[in-house]
Amino acid sequence: MKREERIEAATRPQTWDMLIIGGGASGLGTAVEAATRGYSVLLLESHDYAKGTSSRSTKLVHGGVRYLAQGNVSLVREALHERGLLKRNAPHLVRDLGFVIAAYKWWSAPFYGIGLKMYDLLAGKLNLQNSRYIGKAEALKLAPTLKKDGLGGGILYFDGQFDDSRLAITLLRTLEDHGGVAVNHAPVTGLRMDGGKVVGANWRDDETGQTHEARARVVVNATGVFVDDLRRMEDPAVRPMLSPSQGVHVVVDRRFLPGDSALMVPRTNDGRVLFAVPWHDHVVIGTTDTPVPDVSWEPRALPEEVDFILGTAAQYLDPAPTRADVRSVYAGLRPLVKAAEGTDTKALSRDHVIRISAGGMLTLTGGKWTTYRRMGADAVTRAAELVGLPRRMSLTEGLSLHGATHDDLPEPWKVYGTDAERIQALPGASVRLHPELPYMEAEVRWAAQQEQARTVEDVLSRRTRALLLNARASADAAPRVAAIMAEELGKDGAWQAEQVQAYREVAAGYMLPGGVFSADVVSREKMEIRSV
Ligand SMILES: Cc1cc2nc3c(=O)[nH]c(=O)nc-3n(C[C@H](O)[C@H](O)[C@H](O)COP(=O)(O)OP(=O)(O)OC[C@H]3O[C@@H](n4cnc5c(N)ncnc54)[C@H](O)[C@@H]3O)c2cc1C
C-alpha cells in the first residue's frame, strides 16, 4: 500500500475501536493484540517505528538474571514465558545464545550457578537449554578473548537474542496482515475531548504538513519516555509518572569476542550487569544506567558512560577494545515508572504499568521488549473493559508473526523470514551497499516498497542496522540509499541532498571523536558540538 492510500485509510470518517499513539514495542504490541482480537485499530507514530527506545536495546529476549538477583521471581517467570513464546512465534528473529559468566573468584561459579538453575526452572517447559558449570578450557573455547590470568572456569547459561527494530517492523507487517492501519511520520499534536472524555487525537502528516483528526472509543498512550507529554495534553497540571534513565552501548568488531557466546559480567564496579553480545557479526557492549532530566529522540552518550563500558570490558577481555575501535555508540532511554523521591533508578520498577486518566486515556509504559506481547494483551483487555467493547479472547500466544520460518537463512536475509525470497528477486540483491556493511541494495527497495521506510535514516537505522553496526560506513552509504529510495518513491535530487545531509548529522552522533571517524562524513564544526 502506498503512503497516500494509507493516509486515506487513516482519515476515513469513522470511529476506531482503538487509537494507539506510539510505534515502539508497547504500541505495536498493543495494536497487534487489538487487531487480532478483531477490533479496528489505528496506530500513529511521530517519527518512525522503533525510533525511540525500541531500536536501542541490548538485543536480548530474556527473563532478566538481574531481576532474579533482586528477588523479583514473578517478573522473571513471566518474562521467561514470553521469551519462549517469542522464540516460537518469530524464529526468524530470535535465536538461543549462550552466555559465559567467567569466574575469577573461587566462590563465584557456585554462587551464580545456583541462581541460574533457578532461572532454568522458572522457564518451565519453554526453557531454552540448561545452564551448566564449565571449566577454564571450555570457557576459553566459547569466549577465546577472555583474560586467562586467574580464570577458573565459570557458568554457561542461555537466553534469547533478537533484532529489536526488525521485530518492530515484523509487528507492523503482522498488524497490517490483520487489517490494522499504521502511519509513521505522523505525530499526535493534541487530544480531542468531549465532555471531559478523551475521544480522539489531532495529528499531522509530516510529509505534507496536513493536519487530521482521528476519533476513537479508546485512546492508548504508548509513547515511551514521552508518555508524560501526552498526559499533559489532557491535563497540563498532571504529575509526571516517569523518571527516565539512559543506557548506552558501544559496538565493536567481532574480533573482540570471536566465539559463539556472549559474555555476562554479573556485577560491575557500580553494581550493574554488563553484557558483551555478538550481534550481526559485531559485538554490542553495554549498558549504563544514568538518570536524565530531559528526554529527546536522539539521546547522546556521555563520555563517562563510554569510559565505563570500555573500562569494564578491559577487566575481562584481552585484547580489549579502545575508543579507537568503537564503530558506533548508541543511547536509549528507559521509561522507568517513578518511585519515591531520591530512589536510585536501578531499583525502580522494570515491570509494566497501565494508568487510566480522568478522561479515560490508557497509558501503557515500563516493561521490556521481551514482554511486549503480555503488555499489549493486558492493555487491550483493560481498554476494552473501559469502554465496553465486546470481550474477545487473546490469540497472540500462538500467533506466528509475519514471515515466521524455521529456515536458517544466511545474513542479511534471515530477519525477513519468508519474505527473503521476494527481496532476493529485486534488483541489487547481490550488490552491497558498502564493503563494511552486510546489507544489499535490494533491501532498500523492499524497505521503501513494503516496510514504510520514508527517509534514509529509516532504512539505515531501523530497516537495516547499518547505523548501529558502523556509523561511518552507514554515512558513506547514505547517497546510494537516497538514490534508490528516490527511484522507488518518486523523489528528486533536492530531496536526496536533504536526506543525505540530515542522515549524516544523525550519524555523527553515533561516532566517537578519535574513533572511526572520517572527515568527509561530517564537518569538524559538527563534530565539536557532539557530547561524546
Ligand atoms: C539501554 C536499554 C537496553 C534495553 N535492553 C533490553 C533488552 O535487551 N531486552 C528487553 O527485553 N528490553 C530491553 N530494554 C527495554 C525495552 O527496550 C523498552 O522497554 C521498550 O523498547 C519500550 O518500548 P515503548 O514502546 O514503550 O517505547 P518507545 O520504543 O520509546 O516507543 C515510543 C514511541 O512513541 C513515539 N511517540 C512519542 N511521542 C509521540 C507523539 N506525540 N505522537 C506519535 N508518536 C509519538 C516515539 O517516536 C516512539 O517511537 C532496554 C531498554 C534500554 C533503555
Side-chain angles (χ1 to χ4, degrees), residues 20-34 43 45 49-68 70 72-87 89-90 93-94 122-123 159-160 162 164-165 167-168 170-171 220-228 230-231 240-247 273 287 289 295 332-339 343 345-356 361-383 394 396-397 401:
I20 293 157
I21 309 173
S26 309
L28 287 161
T30 305
V32 167
E33 183 70 34
L43 181 147
E45 161 55 49
Y49 309 107
K51 163 75 184 179
T53 308
S54 297
S55 57
R56 301 158 187 270
S57 78
T58 313
K59 326 299 180 198
L60 303 181
V61 182
H62 63 158
V65 172
R66 179 155 50 105
Y67 313 132
L68 191 60
Q70 291 165 359
N72 208 335
V73 172
S74 61
L75 181 63
V76 176
R77 185 187 288 119
E78 177 182 294
L80 288 171
H81 180 70
E82 291 300 323
R83 177 187 75 173
L85 294 181
L86 188 53
K87 190 188 156 198
N89 295 332
L93 290 171
V94 181
L122 284 173
D159 246 327
F162 77 134
D164 47 14
S165 71
L167 178 57
T170 300
L171 289 171
V220 177
N221 170 16
T223 52
V225 289
F226 300 95
V227 288
D228 286 326
L230 270 287
R231 293 170 69 240
M241 61 185 281
L242 290 190
S243 176
S245 111
Q246 169 163 299
V273 300
T287 179
D289 198 342
V295 292
L333 299 175
R334 292 183 188 83
L336 298 180
V337 179
K338 247 185 200 311
T343 310
T345 57
K346 290 197 288 290
L348 299 189
S349 169
R350 254 73 181 179
D351 212 344
H352 66 272
V353 167
I354 290 176
R355 209 166 272 186
I356 316 283
M361 178 168 73
L362 186 151
T363 293
L364 172 66
T365 192
K368 53 184 174 175
W369 242 126
T370 308
T371 53
Y372 84 90
R373 191 206 64 83
R374 182 62 193 266
M375 292 170 68
D378 288 353
V380 170
T381 301
R382 282 292 294 280
S394 172
T396 48
E397 276 217 12
L401 300 187

Practice task
Would you please test V76 and L122 for side chain to side chain contact (heavy atoms under 4.5 Å, CB included) and show each step?
Solution key: CA-CA 8 Å; V76 176; L122 284 173; 4.1 Å; yes

Exercise for the section: Could you walk me through whether T363 and R355 pass side-chain hydrogen bond (donor to acceptor under 3.5 Å, both in side chains), step by step? Expected result: CA-CA 5 Å; T363 293; R355 209 166 272 186; over 6 Å; no

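With contacts defined as side-chain heavy-atom distances shorter than 4.5 Å, the pair H352/L364 qualifies. By the 4.5 Å heavy-atom criterion applied to side chains, V353 and M241 are counted as neighbours. Looking only at side-chain heavy atoms (C-beta outward), T30 and I20 come within less than 4.5 Å of each other. Side-chain contact between L86 and Y372 is present, with at least one heavy-atom pair separated by less than 4.5 Å. Residues L242 and V337 meet the side-chain proximity criterion, which asks for heavy atoms closer than 4.5 Å.
A donor-acceptor pair under 3.5 Å links the side-chain atoms of S55 to the main chain of A50, judged by distance alone.
Across all non-hydrogen atoms, the minimal contact from K368 to G64 is NZ-N, 3.7 Å. Of all heavy-atom pairs spanning G24 and E45, the tightest one is N-OE1, 4.4 Å. Of all heavy-atom pairs spanning A79 and G63, the tightest one is CB-CA, 3.6 Å. Closest heavy-atom contact between E33 and S394: OE2-OG, 2.6 Å. For M375 against S26, the heavy-atom pair with the smallest separation is CE-OG, 3.5 Å.
How far CD1 of I21 is from CG of L43: 9.0 Å, rounded to the nearest 0.5 Å. Expressed to the nearest 0.5 Å, how far CG of L401 lies from CG of L93 amounts to 7.5 Å. Residue M361 holds its CE atom at 5.5 Å from CG of L230, rounded to the nearest 0.5 Å. Residue L171 holds its CG atom at 12.0 Å from OH of Y49, rounded to the nearest 0.5 Å. We find the CZ-CH2 distance between R56 and W369 to be 14.0 Å, quoted to the nearest 0.5 Å. The CG atom of L75 sits 7.5 Å away from atom OG1 of T371, with the distance rounded to the nearest 0.5 Å.
Taking the side-chain hydrogen bond (donor to acceptor under 3.5 Å, both in side chains) definition, one finds that R231 meets it with D228, sequence neighbours left out. A search for salt bridge (charged side-chain N to carboxylate O under 4.0 Å, His left out) contacts involving R373 returns E82, E397, not counting sequence neighbours. With sequence neighbours left out, the side-chain contact (heavy atoms from CB on, under 4.5 Å) criterion links V295 to V225, F226, P244, L333. Residues that satisfy the side-chain contact (heavy atoms from CB on, under 4.5 Å) test with A34, not counting sequence neighbours, are M18, Y39, V41, V380. The salt bridge (charged side-chain N to carboxylate O under 4.0 Å, His left out) search around R374 returns E78, D378, not counting sequence neighbours. Every residue meeting the side-chain hydrogen bond (donor to acceptor under 3.5 Å, both in side chains) condition with S57, not counting sequence neighbours, appears here in chain and number order: D164.
Using modelled atom types, one finds no donor on one side chain facing an acceptor on the other under 3.5 Å when comparing T370 with R83.
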